[in-house]
Amino acid sequence: MAAKGNPGDNITLFIVVGLCCFFYLLGAWQRSGFGKGDSIAQEVTKSADCSVLSNLNVESHHGNGVKKTDDLRSKIKVFRPCDDRFKLHCLIPAPKGYVTPFPWPKSCDFIPFANAPYKSLTVEKAIQNWIQYEGDVFRFPGGGAQFPHGADAYIDQLAFVIPINNGMVRTALDTGCAVASWGAYLFKKNAIAMSFAPRDSHEAQVQFALERGVPTIIGVLGTIKLPYPSRAFDMAHCSRYLIPWGGKYMMEVDRVLRPGGYWVLSGPPINWRANYKSWQRPKDELENEQRNIEETAKLLCWEKKYEKGETAIWRKRVNKSYCQEHHSCVTMCKSKIADDVWYKEMEACVTPYPETDDNDDVLGGELKPFPETLKDVTPRITSDSVPGISVELFLEDNKLWQKHVNAYKRVNKKDH
């Protein structure tokens, strides 16, 4: 008589075959690139009406004169990346071992070690409290070269001089940002910092900042102009960014600062008499640096508002009538388009400003405080100061991006 089969063997065989089929289909799905990122792209595309124009042109459209809206519609080429050709095959795969980043605000203080596996800063900057390694995460205590006890206290100190708390400071530029703790903690004041730092011996500064969720780019103040339009920032900040300040560097800061904006400098050579020994630098070298900064600030008509410890704060003039006596000493930039800065060399000259009708008027127009400024058409546009951009085009573009952002919010809400 033949032996009967064991029912348990059939069940085991069924489970093994089922698992093989499942993992085969899973692998095929992953290799196809049709994952979560593309499902998000599909949902956003369905929610937003967009297209790719056949006459795509990436050149700048700034001209010398302002044209009518109808003329602009027919000539300006706009790229809206919602075409299938660009959507499904352009997602960059995550590095091996990369894990899902923490959501904000947790990412302000913690990032996964696997996403930026560099420990050198935890040793080199241990005293300054930049970053600490704890198990499988990095923790950011909020310290910095000039604020080892935390960026919060440092920002509160600046707020005694700069109107950070009332919405008048919305945009800030942080030069030499390190791991961008200053920019991260500035979010609490409803202000956004654009930070940049070089790729130097301190590996991954910018990568740490981006993992935290702070807008950051790799960059330096060197020979090329900053990639931002004139009068773009309410405040500029520099904490121990060891370059020879003065001359064209401060003139470039003046270009990107709005009228009435503030420049903060912390660290050498400020108050060098009390600190030259701890900085281990010659007194005459620091004295010359401080003198150069003070002379350039005076030439730019910046008003010194504060100096205490290793921090100094200057305020940019509101309009040129505040400093008529210095105009004969200043070399004005000859370029007629102050925002034409891409790959242009930095110049030792002062960017000219628009004329004002009254001596008390703010150059270029005064902005409303945040959050009113979000929906307000800026004076630069209402005054036709931006060639090619009218109020109608601005409102239309604003409406389009509101639609895109709402679509992103809906999709991300589904996925979380």
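Residues take their numbers from the sequence shown, with the count starting at 1.
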Practice item. Could you tell me which residues satisfy side-chain contact (heavy atoms from CB on, under 4.5 Å) with A159, sequence neighbours excluded, listed by chain and number? Key: I164, N165
Review point. Any salt bridge (charged side-chain N to carboxylate O under 4.0 Å, His left out) pairs touching residues 129-138, not counting sequence neighbours?
Key: E134-R139
Practice item. List in chain and number order the residues that pass side chain to side chain donor-acceptor pair (under 3.5 Å) with N190, two or more places apart in sequence or in another chain; answer none if no residue qualifies. Key: none
Point to revise | Of W342, F196, F233, the residue whose pairing with Y228 passes ring-ring contact (aromatic ring centres under 6.0 Å, His included) | key: F233
Review point. With sequence neighbours excluded, what pairs up with P268 under the side-chain contact (heavy atoms from CB on, under 4.5 Å) test?
Key: R240, L242, W279, R281, L286
Study note, to complete from the structure: With sequence neighbours left out, the residues meeting side-chain contact (heavy atoms from CB on, under 4.5 Å) with N271 are A274, N275, E307
Exercise for review: Go through the structure and list residues passing side-chain contact (heavy atoms from CB on, under 4.5 Å) with P369, not counting sequence neighbours.
Suggested key: M168, E372
Point to revise | salt bridge (Lys or Arg N to Asp or Glu O under 4.0 Å) partners of K368, counting only residues at least two apart | key: D376
**Study point:** With D152 via salt bridge (Lys or Arg N to Asp or Glu O under 4.0 Å) - residues at least two apart
**Key:** K188
Exercise for review: Scan for ring pair (Phe, Tyr, Trp, His ring centres under 6.0 Å) pairs involving residues 281-305, sequence neighbours excluded, and state none if there are none.
Suggested key: W263-W302
Revision key, fill the gap. Those residues at least two apart in sequence (or on a different chain) that pass side chain to side chain donor-acceptor pair (under 3.5 Å) with Y306 are Q157
Practice item. Check side chain to side chain donor-acceptor pair (under 3.5 Å) between N166 and all other residues, then give those that pass, not counting sequence neighbours. Key: none
Practice item. Using the ring pair (Phe, Tyr, Trp, His ring centres under 6.0 Å) rule, collect all pairs that involve residues 371-401, keeping only residues at least two apart or in two chains. Key: W401-H404
